[in-house]
Asks: 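Got a structure for you, questions after.
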Amino acid sequence: MWKNINLEECIFRIHQLSSSENRSLPAVRPSVTISRMAGAGGRTVASRLADELQPYAPYGYHWTVFDKNLIEKVLEDHHLSKQLAEYLPESTRFSAAGMPDGLRHHNISVSTVVKHSVETIWKLANNGFVILVGRAANIITAKMENVLHARLVGSMEKRIARLENVYDFDRSAAHEYLKAQDLEKKRYVKEFFGRDIEDPLLYHLIINTDGISYDKAAHLIADAVVSRFKLRHCC
């Protein structure tokens with residue numbers, strides 16, 4: 001389903017980042033951030049968006065999705081233990097004032113982990129041709145002229161139905177999971193960035209996937225990216 005979201009592609013982009021100072025870079029290096037309600041199709045839309053945008057990438061560049069794989073990128077970038085991965089998702093179970101035993105064991109603060117994430121997201125977006133899902137990427141890159149910001153939303157009923165159909169959740173478990181995920185995403189953005197994830201002014205596009213298919217949502221975002229950055233079909 002998400003064949004173009006993989007660690008191998010992310011490693012390729014890591015190598016691109018490390019060698020970017022030694023090669024010519026395209027004049028236009030667009031990036032996209034996708035904020036999403038849990039169950040609104042963030043990962044699927046991001047994957048299909050990468051496919052839609054690939055024909056507009058210069059030779060040697062690949063549109064790459066960083067979702068869960070962003071965790072591996074952050075860890076590698078900052079030479080952190082892979083055991084810290086559970087503390088890097090955007091849905092944190094702790095506050096900036098607290099420090100879980102896992103972080104205490106590694107002698108690293110919560111704010112430091114978030115700072116590393118911010119640095120990595122900024123660097124990826126600046127280099128271009130990435131789709132960054134979640135983790136307040138839209139706020140981190142808000143002042144960057146090369147980034148377009150989209151948000152995917154949907155009703156609780158439709159999102160519950162997706163979890164029931166795709167992941168075999170029962171209705172009660174799906175409802176509780178979605179409530180918890182939405183709340184923690186909201187808390188993460190508020191706690192560490194002082195913003196409301198639901199503020200419409202943080203986004204160029206807000207798409208309700210209740211009535212718009214994932215394919216159409218990806219197409220709408222792709223059209224906005226092509227138009228905004230005046231991209232040309234490269235192949």
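Sequential numbering from 1 along the given sequence is applied to the chain's residues.
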Asks: Report yes if the side chains of V147 and V32 come closer than 4.5 Å at any heavy-atom pair, otherwise no.
Replies: no

Asks: Does any non-hydrogen side-chain atom of V28 lie less than 4.5 Å from one of K230?
Replies: no

Asks: Please determine whether side-chain hydrogen bond (donor to acceptor under 3.5 Å, both in side chains) holds for the pair N138 and S35, giving the CA-CA distance in whole Å, both sets of side-chain angles, and the decisive distance to 0.1 Å.
Replies: CA-CA 7 Å; N138 62 308; S35 170; 5.2 Å; no

Asks: Taking the side chain as every heavy atom from C-beta outward, state whether I197 and Y188 have any pair of such atoms under 4.5 Å apart.
Replies: no

Asks: Report, as yes or no, whether the 6.0 Å neighbourhood of atom CG on D168 holds more than 12 heavy atoms from other residues, nucleotides or ligands.
Replies: no

Asks: Which heavy atom of I212 sits nearest to which heavy atom of A217, and what is that distance?
Replies: CG2-N, 3.7 Å

Asks: Might you point out which heavy atoms bring I221 and A150 nearest each other, and give the distance in Å?
Replies: CD1-CB, 3.9 Å

Asks: Heavy atoms, side chains only, cut-off 4.5 Å: are R29 and N127 in contact?
Replies: yes

Asks: Give, for atom CG of L53 and atom CD1 of I131, the distance between the pair rounded to the nearest 0.5 Å.
Replies: 5.5 Å

Asks: Measure the CG-OG1 distance between L132 and T33 for me, rounded to the nearest 0.5 Å.
Replies: 7.0 Å

Asks: How many angstroms lie between atom CG of D223 and atom CG of L205, to the nearest 0.5 angstrom?
Replies: 10.0 Å

Asks: Please determine whether side-chain contact (heavy atoms from CB on, under 4.5 Å) holds for the pair L202 and R195, giving the CA-CA distance in whole Å, both sets of side-chain angles, and the decisive distance to 0.1 Å.
Replies: CA-CA 9 Å; L202 296 176; R195 303 300 297 270; 3.1 Å; yes

Asks: If you define the side chain from C-beta out and look only at heavy atoms, does anything of M37 sit under 4.5 Å from M156?
Replies: no

Asks: Hey, is the main chain of H62 close enough, under 3.5 Å, to the side chain of T64 for a donor-acceptor pair?
Replies: yes

Asks: Which atom pair, heavy atoms only, marks the closest approach of G39 to L163?
Replies: CA-CD1, 4.2 Å

Asks: How about NZ on K186, more than 12 heavy atoms from neighbouring residues, nucleotides or ligands closer than 6.0 Å, or not?
Replies: yes

Asks: For R43 and D67, what are the C-alpha separation, side-chain angles and deciding distance, and is it a salt bridge (charged side-chain N to carboxylate O under 4.0 Å, His left out)?
Replies: CA-CA 7 Å; R43 204 172 193 215; D67 181 12; 3.2 Å; yes

Asks: Are any of the side-chain heavy atoms of R159 and D182 separated by less than 4.5 Å?
Replies: yes

Asks: Please report the shortest heavy-atom distance between L148 and A224, naming the atom on each side.
Replies: CD1-CB, 3.8 Å

Asks: If you take all heavy atoms of Q181 and A38, which pair is closest and at what distance?
Replies: CB-CB, 3.5 Å

Asks: Start with the C-alpha distance between T209 and Y214, add both sets of side-chain angles, then the distance that settles side-chain contact (heavy atoms from CB on, under 4.5 Å), and finish with yes or no.
Replies: CA-CA 7 Å; T209 57; Y214 293 162; 4.1 Å; yes

Asks: Just by modelled atom types, is the M144 backbone N or O under 3.5 Å from a matching donor or acceptor in the T141 side chain?
Replies: no

Asks: Walk me through whether K179 and E176 qualify under salt bridge (charged side-chain N to carboxylate O under 4.0 Å, His left out).
Replies: CA-CA 5 Å; K179 281 202 309 181; E176 291 305 311; 3.7 Å; yes

Asks: Is I207 close to V45 at the side-chain level, that is, under 4.5 Å between some pair of heavy atoms?
Replies: no

Asks: Mind listing the closest non-hydrogen atom pair of V189 and A136 along with its distance?
Replies: CG2-CB, 4.2 Å

Asks: Looking at F229, I want to see if its CZ is surrounded by more than 12 non-hydrogen atoms of other residues, nucleotides or ligands under 6.0 Å.
Replies: yes

Asks: Evaluate salt bridge (charged side-chain N to carboxylate O under 4.0 Å, His left out) for K190 paired with D196, printing each intermediate quantity in order.
Replies: CA-CA 6 Å; K190 186 67 174 178; D196 180 359; over 6 Å; no

Asks: Run R171 and I160 through side-chain contact (heavy atoms from CB on, under 4.5 Å) and show every step you take.
Replies: CA-CA 7 Å; R171 182 175 180 78; I160 286 174; 3.6 Å; yes

Asks: Using the ring of each side chain (for Trp, its six-membered ring), is W63 parallel, tilted or perpendicular to F129, with breaks at 30° and 60°?
Replies: perpendicular

Asks: Could you walk me through whether H219 and R48 pass side-chain contact (heavy atoms from CB on, under 4.5 Å), step by step?
Replies: CA-CA 8 Å; H219 187 69; R48 296 178 187 180; over 6 Å; no

Asks: Using side-chain heavy atoms (C-beta onward) and a distance below 4.5 Å, is R151 in contact with E198?
Replies: yes

Asks: Looking at N126 and W122, would you say the former's side chain and the latter's main chain have a donor-acceptor pair under 3.5 Å?
Replies: no

Asks: With rounding to the nearest 0.5 Å, note down the distance linking OH in Y56 to CZ in R232.
Replies: 12.5 Å

Asks: Please answer whether the main-chain N or O of A125 pairs with a side-chain N or O of N146 as donor and acceptor at a distance below 3.5 Å.
Replies: yes

Asks: Between L183 and V153, is there shared hydrophobic-cluster membership here, with clusters defined by ILVMFWY side-chain heavy atoms closer than 4.5 Å?
Replies: no

